[in-house]
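To start, the structure under review is shown below, and the notes come after it.
Letters A, B, ... are given to chains in the order of the sequence lines, protein chains preceding strands, and every chain is numbered from 1. Computed from a prediction, not measured in an experiment: that's the story for all the values here.
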Amino acid sequence: MRFPREFYAQPARDVAVQLLGARLVRRLGPRRHAVGRVVEVEAYVGPHDLACHASHGRTARTEVMFGPPGRAYVYFVYGMHHCVNVVTDPEGYPAAVLLRALEPLEGLEARTSGPGRLCRALAIDRSLNGADLRGDELYLEPGDPPRRVRATARIGVAYAGAWARRRLRFFDADSPHVSRGKS
DNA sequence: GTCCGGATCTTT
DNA sequence: AAGATCCGGACA
């Protein structure tokens, strides 16, 4: 049972917290799929959030974030890694939730802690940018929510001034699969 | 067009 | 502590 469109239309922070425990399903072939439980996320809450890519305005890269909620925003960083986000908030308002770590559930051999590794393990690249997260290739459905949620500052956004200190990273406090991020 | 640095990960 | 390695955004 996939999350409905309205779920994603909520503010990024709320979607982030509620996504903890959700099942991320990736279809890799006719008979192959991989499933992981979301254990770590970060919210990028809007154009005024200096850590959010959309704070630089509407560009080819950030276009998807301005579109309807519930789609994948996939980008490429450091010349080697992909990161997946879930687009949130009403259409026209750019915000998203970065998926940072999964607990492997089905069909996953490689490690899935850290946004780059997560994408590699699930074969997520920019061909999935803009994909509907209620489609067949990649989707999210409700799962087991964590017993305890912890919030910290987001990883790798030191340049974002006061926004760097906001506690918009959320993770399952009891999961061993959370990335050990340096702030 | 050129330059800079990044929502990372692996190796030293 | 640094290297890999590409691309978006800023400025000219």
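In this entry the distance linking NE2 of A:His81 with P of C:dA4 reads 13 Å, nearest Å. Protein atom CG of A:Leu99 is 12 Å distant from nucleotide atom C1' of B:dA7, rounded to whole Å. The nearest whole Å value for the distance from the CD atom in A:Glu42 to the P atom in B:dT8 is 7 Å. Between the CZ atom of A:Arg120 and the C1' atom of C:dA4 there is a distance of 13 Å, rounded to whole Å. In this structure, the CZ atom of A:Arg111 is 13 Å from the C1' atom of B:dT8, given to the nearest Å. As a whole-Å value, the separation of A:Arg100 CZ from B:dT8 C1' is 9 Å. As a whole-Å value, the separation of A:Arg180 CZ from B:dT8 P is 13 Å.
Cation-pi geometry between A:Arg154 and A:Tyr44 is satisfied (NZ or CZ under 6.0 Å from the ring centre, within 45° of the ring normal). Under a cutoff of 6.0 Å and an axis angle of 45°, A:Arg100 and A:Phe171 do not form a cation-pi pair.
Remark: ring of A:Tyr159 not stacked against base of B:dG6; the cut-offs of centroid gap under 5.5 Å and plane tilt under 30° are not jointly satisfied.
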- Item | side chain to side chain contact (heavy atoms under 4.5 Å, CB included) evaluation trace for A:Leu138 with A:Leu133 | CA-CA 6 Å; A:Leu138 183 67; A:Leu133 290 171; 3.8 Å; yes

- Item | Residue pair A:Glu137, A:Arg26: steps toward the side chain to side chain contact (heavy atoms under 4.5 Å, CB included) verdict | CA-CA 6 Å; A:Glu137 304 195 277; A:Arg26 171 74 167 121; 3.9 Å; yes

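If you check every strand for non-hydrogen atoms under 4.0 Å, A:Arg169 touches nothing.
Contact check for A:Met1 versus A:Glu141: no side-chain heavy atoms found under the 4.5 Å cut-off. A:Met65 places a side-chain heavy atom less than 4.5 Å from the side chain of A:Cys52.
The aromatic rings of A:His53 and A:Tyr75 sit perpendicular, their planes meeting at an angle over 60°, well past the 30° parallel limit.
Remark: the separation of the P atoms in C:dT5 and B:dT2 is 22 Å, to the nearest Å.
Contact check on A:Glu106 versus A:Arg23 returns a salt bridge, with a Lys/Arg side-chain nitrogen under 4.0 Å from an Asp/Glu carboxylate oxygen. Using a 4.0 Å cut-off between charged side-chain N and carboxylate O, A:Asp49 and A:Arg166 make no salt bridge.
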- Query: What does nucleotides 5-12 of chain C look like as a protein-contact string, B for base, S for sugar-phosphate only, - for none, at under 4.0 angstrom between heavy atoms?
  - Reply: BBSSSS--

- Item | Watson-Crick and G-U pairing of DNA chain B, under 3.5 Å, as dot-bracket with | and [ ] | ||||||.||||.

